[in-house]
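Notes follow once the structure below has been shown.
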Amino acid sequence: MSHPISTQVKNLRKLTRRAVTTALLTSGALAATGCSRISRPFFSSDTHPADYPTVEAVRMMSRSLEEKSNGKLSIRIYSGGQLGSERDTLELTVFGGLDLNRVNLAPLNAFAPETLLLSLPFLFQSETHLRAVLDGAPGQTVLDALEPHGLIGLCYYDSGARSFYNVHRPIMTPEDMRGLKIRVQNSDLYVSMIEALGANATPMDLSEVYQGLMQRVIDGAENNWPSYESTRHFETAGFYSLTGHVMAPEVLVMSARSWQRLSNEERELVRRCALESVPFMRARWDERVAASRDRIVAAGTKINEVADISAFSQLMRPVWDRFVKTAAQRRLLQQIIDMGESHP
Ligand code: GTR
């Protein structure tokens, strides 16, 4: 029986992905057993395209690693989701088939509960507040919490604020969300946030959202300006409503297995180069937000501010209680909130 072209393309993509993944696992395993501790570039994954600020930042990190290690260390980046979804590539990273991975905090929510804290709705008062938290003690605590799960948190990258977009109407009040099928990342927190607004949450991989919108399997999704633009979701979902409900950052992680193969000096260098890529990324991010916004506006997208943002936060903030459970988490949350006073 012959399959439609789209299925054939999908299957081919899966096959290619499997071949690359097998190659990565094999070379990871070889490097683990060989006497030379590092015999190849680090392999790194990103769902975003090659010109996205997160990918550019890791490329910049690779250049400085290579320079500072006299060519011994570098990074080969597999961008554009070539290796699969963030969830799948994270598993690969934990098992050491991949050395580095740039992901959002959402796919980490399920196994490292501390990551939930930075993903809570209406937590950060501003970009200044967010950056102070990421660069400060609470940010470091969350990065450290990844280690027992087989991941070394190297640094955060900005991800701006996420807002809703959909194919039907501007979202002015929470009532406008009622009954809409909204794609979310694979995280229970995101599901709860959407349900708190009376909408239906549909967890789905990013790569499936464009098709989902085209075929009206979903009515909308939520994301920041650059992702709304780079995925071309604005072409189908032409209403973008600036709720800015979440400012969860991106994180660059290294497999603890790859980390164990590094000498102390190499570890220090990897950390330093990752941290040095952060200001570069932030500058590229700010430029990209402006460029994405211009492109989206030029396409005739209907963009609206939300007059009463508190109507959204009143409904969404109660989900905090469901996800912040332990005394340690509550203390960390309080620390994050307090930093908003000094960094408004
Ligand atoms: C983007 C983020 C990605 C991924 C994506 C999504 O903003 O950079 O890592 O989380 O959103 O919605 O799946």
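Every number for a ligand or one of its atoms is a count from 1 in the order of the listing.
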Residue-ligand contact E222/ligand 1, heavy atom below 4.0 Å: no
Heavy atoms from other residues, nucleotides or ligands near CD of E235 exceed 12 (cutoff 6.0 Å): yes
- request: For N104, counting its heavy atoms only, list the atoms of ligand 1 lying under 4.0 Å from any of them.
  value: 9 (O), 10 (O)
query: Which of the listed options, V184, N223, D46, V209, holds the heavy atom that is closest to atom 7 (O) of ligand 1?
result: N223
- prompt: Of the backbone atoms (N, CA, C, O) and the side-chain heavy atoms from C-beta on, which set of M204 has a member under 4.0 Å from an atom of ligand 1: side chain, backbone, both, or neither?
  reply: neither
- request: Report yes if the distance between the aromatic ring centroids of F312 and H245 is under 6.0 Å, otherwise no.
  value: no
- prompt: Crowded around K325 NZ? As in, over 12 foreign heavy atoms under 6.0 Å?
  reply: no
- prompt: Can you find a side-chain donor-acceptor pair between S119 and Y190 that sits under 3.5 Å?
  reply: no
field: ligand 1 N/O within reach of Q185 N/O, cut-off under 3.5 Å
entry: yes
message: Under 4.0 Å from a heavy atom of R102: which atoms of ligand 1 are those, numbered in the order shown and with their elements?
response: 3 (C), 8 (O), 9 (O)
- prompt: Where on N224 is there a heavy atom closer than 4.0 Å to ligand 1, on the side chain, on the backbone, on both, or on neither?
  reply: side chain
message: Only heavy atoms of S227, strictly under 4.0 Å: list the atoms of ligand 1 that pass.
response: 1 (C), 7 (O)
- request: Measure the distance from atom 13 (O) of ligand 1 to every protein heavy atom, then report the residue, atom name and distance (to 0.1 Å) of the closest one.
  value: R183 NH2, 2.9 Å
query: Is D99 paired with R40 through a side-chain N to carboxylate O contact shorter than 4.0 Å?
result: yes
task: Kindly say whether the aromatic ring centers of Y228 and Y240 come within a distance under 6.0 Å.
output: yes
- prompt: When you check the gap from the basic side-chain N to the acidic O, do R59 and D46 get nearer than 4.0 Å?
  reply: no
query: For the residue pair F124 and H129, is the inter-centroid distance of their aromatic rings smaller than 6.0 Å?
result: yes
task: Considering only non-hydrogen protein atoms, determine which one is nearest to atom 3 (C) of ligand 1 and report residue, atom name and distance to 0.1 Å.
output: E86 OE2, 3.3 Å
- prompt: Numbering the atoms of ligand 1 from 1, which are under 4.0 Å from a heavy atom of R162?
  reply: 1 (C), 6 (C), 7 (O), 11 (O), 12 (O)
- prompt: Does any N/O atom on E250 come nearer than 3.5 Å to any N/O atom on ligand 1?
  reply: yes
